[in-house]
Trainee: 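Would you mind keeping the following structure in view while I ask a few things?
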Amino acid sequence: MMKNVLATLAVSAGTLALVAPAFAEYPERNIEGIIQWGAGGATDNVARSLTPHVEEALGTSIVLTNRPGGTGVIGMNTVLTKPANGYTVLYGAENPQLYPIMGLADFTYGDMTPINVIGQGLVVIAAPADKEWDNFGDLLEEAQANPGTLRMGGTGAGGLPSTVLAMINSVDELDVRNVTFGGDGPGITAMLGGHIDFMPLSLAAAQEHIASGRLKGLAILTKESIEELPDVPPITESLPQIESYLPWGPFWAVAVREDTPDEIVKTLSDAYEKGVANEQFQQFLSKNGAQSLNLQGEEAEQFLNRWQSVTAWALEKAGSAKVSPEEVGIPKP
């Protein structure tokens, strides 16, 4: 009797195995890519240049959506509230590493799983082409003669412009009015329209406008001139004291929710590694004066932690941090 029951169960199990649908391997549908900054900015440009190569490696489409606002908090929070199934990825910049000390949010990349730290860019301080300034020293001189009158484009507390301004103010005095935009792109549009006087920008967003003569480069945030914009002087020519913070620059990363399954993380990491290594994307980075990093796993986490430590304590020294890095557990570099 027992043998007959067991045989019946075995047959039934075999029948179910034949009729049950097999689970498709990830990814079985499109992936949503959330860009935490607006259209036309550096993060948007990097995301849209990289994604086609990643799609080819994954064999599916990544639908890109811009979710700017709150210095990128809105975009990152969108990803954190979606299921941890690999179907929503964040295309972010460096800003999340400063959220706790700027009082913007209590999460950082440490609350996510990094898929790839794509690359690191350079910063250029740009102005409308019709400005009489020839370099950053001219801008600084006018700002000090007329404190609080020049209009600087910004992207909110903890954004690239505010970070650069804090570094400058830690070694000199640049008293300006901040006009906030949802990213590099809208800020550039405002400069082209004469609505602001200058803005620190990622080179990836500003280079074409400077090369075409629509904008003027006043300084590169480096110690030496760069090949991409040989006529734009390094900031140390006008402000040698800032050298202690250099080299420094923004970066771009892709991340998913922390509790995403390991096998999905590996699939995404492999695809983004291939995408970043693609020759066309490497040419894009080089053309825009950015350094390719292509970091995954532990290497990515080490980079993120070091950048956070160096920058957070620089802002603390400048008096720009609303919360001490020590209070939120960020060690000194």
Side-chain angles (χ1 to χ4, degrees), residues 37 40-50 72 91-95 97-98 117-127 133 135-137 139 152-155 158-168 171 174 183-185 187-188 191 198-253 276 281-295 303-304 306-308 310-311 314-315:
W37 288 101
T43 307
D44 184 68
N45 291 342
V46 168
R48 294 183 187 279
S49 298
L50 172 61
Y91 285 84
E94 69 282 353
N95 320 94
Q97 295 304 75
L98 302 177
V117 178
I118 300 164
Q120 188 165 23
L122 295 175
V123 176
V124 59
I125 298 177
W133 308 321
N135 52 52
F136 179 73
L139 184 159
M152 185 192 85
T155 54
L160 185 153
S162 70
T163 303
V164 172
L165 181 63
M167 288 180 178
I168 293 168
V171 297
L174 181 58
D184 289 347
I188 289 173
M191 262 198 294
F198 75 99
M199 185 172 182
L201 295 162
S202 168
L203 185 61
Q207 184 174 343
E208 285 190 16
H209 297 282
I210 294 172
S212 68
R214 292 190 293 270
L215 291 178
K216 176 186 293 187
L218 301 177
I220 298 286
L221 209 69
T222 59
K223 301 177 186 180
E224 300 174 350
S225 299
I226 63 169
E227 182 180 348
E228 292 78 14
L229 293 174
D231 296 328
V232 180
I235 193 170
T236 48
E237 286 191 7
S238 301
L239 195 65
Q241 309 96 301
I242 204 171
E243 184 174 351
S244 60
Y245 290 120
L246 306 179
W248 183 89
F251 65 82
W252 308 284
V276 174
F281 184 68
Q282 287 292 308
Q283 289 174 355
F284 165 82
L285 290 177
S286 178
K287 177 184 175 184
N288 288 282
Q291 175 190 4
S292 175
L293 296 176
N294 206 0
L295 303 177
F303 173 89
L304 292 169
R306 183 184 180 281
W307 190 98
Q308 181 185 53
V310 169
T311 310
L315 293 178

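If you're wondering where the values come from, they're calculated on a predicted model, not measured in any experiment.
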Trainee: Do Phe136 and Leu174 make a side-chain contact, defined as non-hydrogen atoms from C-beta onward lying under 4.5 Å apart?
Mentor: yes
Trainee: Work out which heavy atom in Val46 is nearest to a heavy atom in Phe281; give both atom names and the distance.
Mentor: O-CE1, 3.8 Å
Trainee: If we count only N and O atoms by modelled type, under 3.5 Å, do the side chains of Thr236 and Glu243 hold a donor and an acceptor together?
Mentor: no
Trainee: Heavy-atom distance under 4.5 Å between the side chains of Asp44 and Trp37, does that happen here?
Mentor: no
Trainee: Heavy-atom count check: over 12 atoms from other residues, nucleotides or ligands less than 6.0 Å from Glu208 CD?
Mentor: no
Trainee: Taking the side chain as every heavy atom from C-beta outward, state whether Val124 and Leu215 have any pair of such atoms under 4.5 Å apart.
Mentor: no
Trainee: Glu94 versus Pro250: any side-chain heavy-atom pair under 4.5 Å?
Mentor: yes
Trainee: Decide yes or no for Ile220 and Ser225: does some side-chain heavy atom of the first lie under 4.5 Å from some side-chain heavy atom of the second?
Mentor: no
Trainee: Who are the salt bridge (charged side-chain N to carboxylate O under 4.0 Å, His left out) partners of Arg214, not counting sequence neighbours?
Mentor: none
Trainee: Under 3.5 Å, is there a donor-acceptor pair between the side chain of Ser212 and the main chain of His209?
Mentor: yes
Trainee: Please report the shortest heavy-atom distance between Ala205 and Asp184, naming the atom on each side.
Mentor: CB-OD2, 3.5 Å
Trainee: When you compare the side chain of Gln207 with that of Leu201, does any pair of heavy atoms fall below 4.5 Å?
Mentor: no
Trainee: Checking Ser244 now: which residues fulfil side-chain hydrogen bond (donor to acceptor under 3.5 Å, both in side chains) with it, not counting sequence neighbours?
Mentor: none
Trainee: Taking all non-hydrogen atoms of both residues into account, name the closest pair between Thr43 and Tyr91 and its distance.
Mentor: CG2-O, 3.8 Å
Trainee: Under the ring pair (Phe, Tyr, Trp, His ring centres under 6.0 Å) definition, can you give me all pairs with a residue in residues 222-250, not counting sequence neighbours?
Mentor: Trp248-Trp307
Trainee: For the residue pair Ile235 and Val123, establish whether any side-chain heavy-atom pair is separated by less than 4.5 Å.
Mentor: no
Trainee: If I compare all heavy atoms of Met191 with all of Ala126, which pair ends up nearest, and what's the gap?
Mentor: SD-O, 3.5 Å
Trainee: Which atom pair, heavy atoms only, marks the closest approach of Ser292 to Gln282?
Mentor: OG-NE2, 2.9 Å
Trainee: Around atom NZ of Lys287, are there more than 12 heavy atoms of other residues, nucleotides or ligands at under 6.0 Å?
Mentor: no
Trainee: So, for Pro161 and Met199, which heavy atoms are closest and what is the spacing to 0.1 Å?
Mentor: CG-CE, 4.1 Å
Trainee: Of the options Leu304, Val276, Val117, which is the one that meets Leu295 in a side chain to side chain contact (heavy atoms under 4.5 Å, CB included)?
Mentor: Val117
